[in-house]
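What follows is a short report on a single structure.
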Amino acid sequence: MITLDDVHKSFGSNDVLRGVNLHVAKGTSMVIIGGSGTGKSVAIKSILGLVTPDSGTITVDGTDVTKADRDAFLARFGMLFQGGALFDSLPVWQNVSFRLLRGSLAKPKEEARAIAVEKLRRVGLTADVADRLPAELSGGMQKRVGLARAIAADPEIIFFDEPTTGLDPIMAGVINDLIREIVTEMGATTMTITHDMSSVRTIADHVAMLHAGKIRWTGPVAEMDSAGDPYVDQFIHGRAEGPIEAVR
Amino acid sequence: MSVLAALGRVILGLFAAIGRVSIFGAQTLSHMLRPPFYPREFALALLNIGWLSLPVVGLTAIFTGGALALQIYAGGARFNAEAVVPQIVAIGMVRELGPVLVGLMIAARVTSSIAAEIATMKVTEQIDALVTLSTHPMKYLTAPRVLAATLVVPLLVAVGDVIGIFGGYAVATGTLGFNAAAYIQNTVDFLQLRDITSSLAKGAVFGCIAALMGCYFGMNTGRGAQGVGRATKGSVEAAAVLILAANFVLTGVFFSL
């Protein structure tokens, strides 16, 4: 469904992506792992058009993302950002139903609010949260609101950028389980960026490791522990010693 | 040679910046004219830029008008021209001080606020989130603010002009011994339509500059808190300088040609 073919991206002299090749099949959950600064976020943002690759092609269902109708293309996606990226000036329900209040997917206000409350309930938040401002919520609640926003328009493809970063282990577990449940029941195609190996094991169908701007290894999550790749082995066991330099 | 090279780099950088701002301005205009439109954002911008700026505009204008009356009276006394206070206060406020001071106050209050808000949205990925939610950031954030400022700052300038003239009137009639009815009559008789239209036109241009600079620096912020700080500072500096430069040009257009 999503294919990256020899994608390159540099920022000044920093070559972040150096020929990324990756395929994500429809209805599967792909988790991209890799050290900080290896280009995981850049890869996902390239698919969404938030970053323009220097070369290479990215296709979704065979259509080059640079040639697709922008609104129709983005309407297929939902994204949970690392920090939530909730709009400070809007109450929670308007954040969740942002897409449903504007543009081609616009619905009447009452209907949009009802959908927002339902999506909030789906991520374990009660209706009284709907009228609060994001600043009044804890980090875990903000992540859940971000998750509710990502699924509000029932997208076909959902991206999760570090969904458990900054959360305590219990809340991280809650978010991981929520993502797995939602992905399974919606049948969506998902890509997740994470360093959190418990997230990987909960969320992933397939895993890809990005290192030095290239996909180092990719395969089913069940084969990750026996991948036989020293880079993957060092990363998933969190060892300081190994081919990946600890000081970068 | 190195001095020339450095000078060349500065000049090239200046022209590049002018080019980037010009393209940003053209894009903003383009988004103002094409749907979808965001009336709620526009209304909020009108409220924030217009209504909520009234106190600072009013206070600035009334003190400036009062001080102007005192200065003109003291200066005019040197050659027995104290009687021109109403005329000079009116022309000074309407042609120059009203629009310029309102413009600078808007740069301080609104440009900084817009730049800080948009820059914070940028570094917290809210701008990226807008894109993923099929909403163009310039259409949603920039176009409503620039349009609102362009429309509402002339009204603020008009209010500032009136309050400034009233400040001069209050000082002149309260402490300098002017007759109230004669002061008002002299003010009304002396002002021309061209003075008022130039004042309002300057307000529109200054409002556009103030909002555009806030949006431009916010959208092009660097990373982190330092980036937001630099964007905010840069936006106010650029807006203030451009407002004063535009004032010089517009004064030439209205009164010298």
Side-chain angles (χ1 to χ4, degrees), chain A residues 11 41-42 44-52 68-90 94-106 109 112 134-135 142 145-147 149-153 155 157-162 165 191, chain B residues 16 23 27 30-31 34-49 52 110 113-145 148 214-215 218-225 227-228 232:
Chain A
F11 295 96
S41 292
V42 174
I44 269 191
K45 288 183 176 179
S46 297
I47 298 170
L48 286 167
L50 297 172
V51 169
T52 307
D69 174 70
R70 195 85 183 118
D71 281 348
F73 173 74
L74 287 170
R76 301 175 67 185
F77 286 85
M79 178 152 180
L80 170 61
F81 285 86
Q82 186 174 348
L86 301 177
F87 305 123
D88 305 321
S89 59
L90 300 179
Q94 287 189 27
N95 265 282
V96 174
S97 59
F98 190 91
R99 186 177 255 163
L100 305 176
L101 291 166
R102 299 162 181 83
S104 58
L105 300 176
K109 201 172 179 180
Q142 288 187 15
V145 173
L147 184 52
R149 183 173 70 182
I151 63 172
I157 304 162
I158 313 175
F159 291 166
F160 303 101
D161 188 357
E162 308 271 11
T165 296
M191 286 180 77
Chain B
I23 291 168
Q27 287 173 335
S30 157
H31 284 296
R34 289 181 292 129
F37 304 113
Y38 296 100
R40 182 182 173 277
E41 297 307 308
F42 176 67
L44 281 174
L46 279 180
L47 180 73
N48 282 328
I49 298 168
L52 298 179
V110 174
S113 159
I114 291 174
E117 182 183 0
I118 294 179
T120 303
M121 289 182 75
K122 178 102 176 179
V123 300
T124 56
E125 295 186 304
Q126 290 178 53
I127 303 284
D128 285 347
L130 276 177
V131 175
T132 64
L133 294 165
S134 307
T135 303
H136 198 295
M138 288 194 71
K139 208 174 269 302
Y140 184 73
L141 296 171
T142 306
R145 284 164 172 78
C215 294
M219 288 285 189
N220 293 286
T221 184
R223 290 182 177 187
V228 175
T232 308

Close contacts, residues 135-145 of chain B versus chain A, judged by heavy atoms under 4.5 Å: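 Heavy-atom contacts from residues 135-145 of chain B to chain A are B:T135, B:Y140.
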Where B:V131 and A:R70 come nearest, the two heavy atoms and their spacing: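 Distance-wise, the nearest heavy atoms are CG1-NH2, 3.9 Å.
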Shortest non-hydrogen contact between B:S134 and A:A75, atoms and distance: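 Smallest heavy-atom distance, with atoms named: OG-N, 3.9 Å.
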Show me the donor-acceptor pairs, under 3.5 Å and distance only, between side chains in residues 79-90 of chain A and residues at least two apart or in other chains.
unit_1	atom_1	unit_2	atom_2	d
A:D88	OD2	B:Q126	NE2	3.3

Residue pair B:L133, A:R149: steps toward the side-chain contact (heavy atoms from CB on, under 4.5 Å) verdict: CA-CA 9 Å; B:L133 294 165; A:R149 183 173 70 182; 3.8 Å; yes
Note, A:K45 side chain near B:T132 side chain (heavy atom, < 4.5 Å):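 A side-chain contact is absent here, since even the closest heavy-atom pair is not under 4.5 Å.
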Euclidean distance, B:L130 CG relative to A:L74 CG, rounded to 0.5 Å: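 Spacing of CG (A:L74) from CG (B:L130) equals 11.5 Å.
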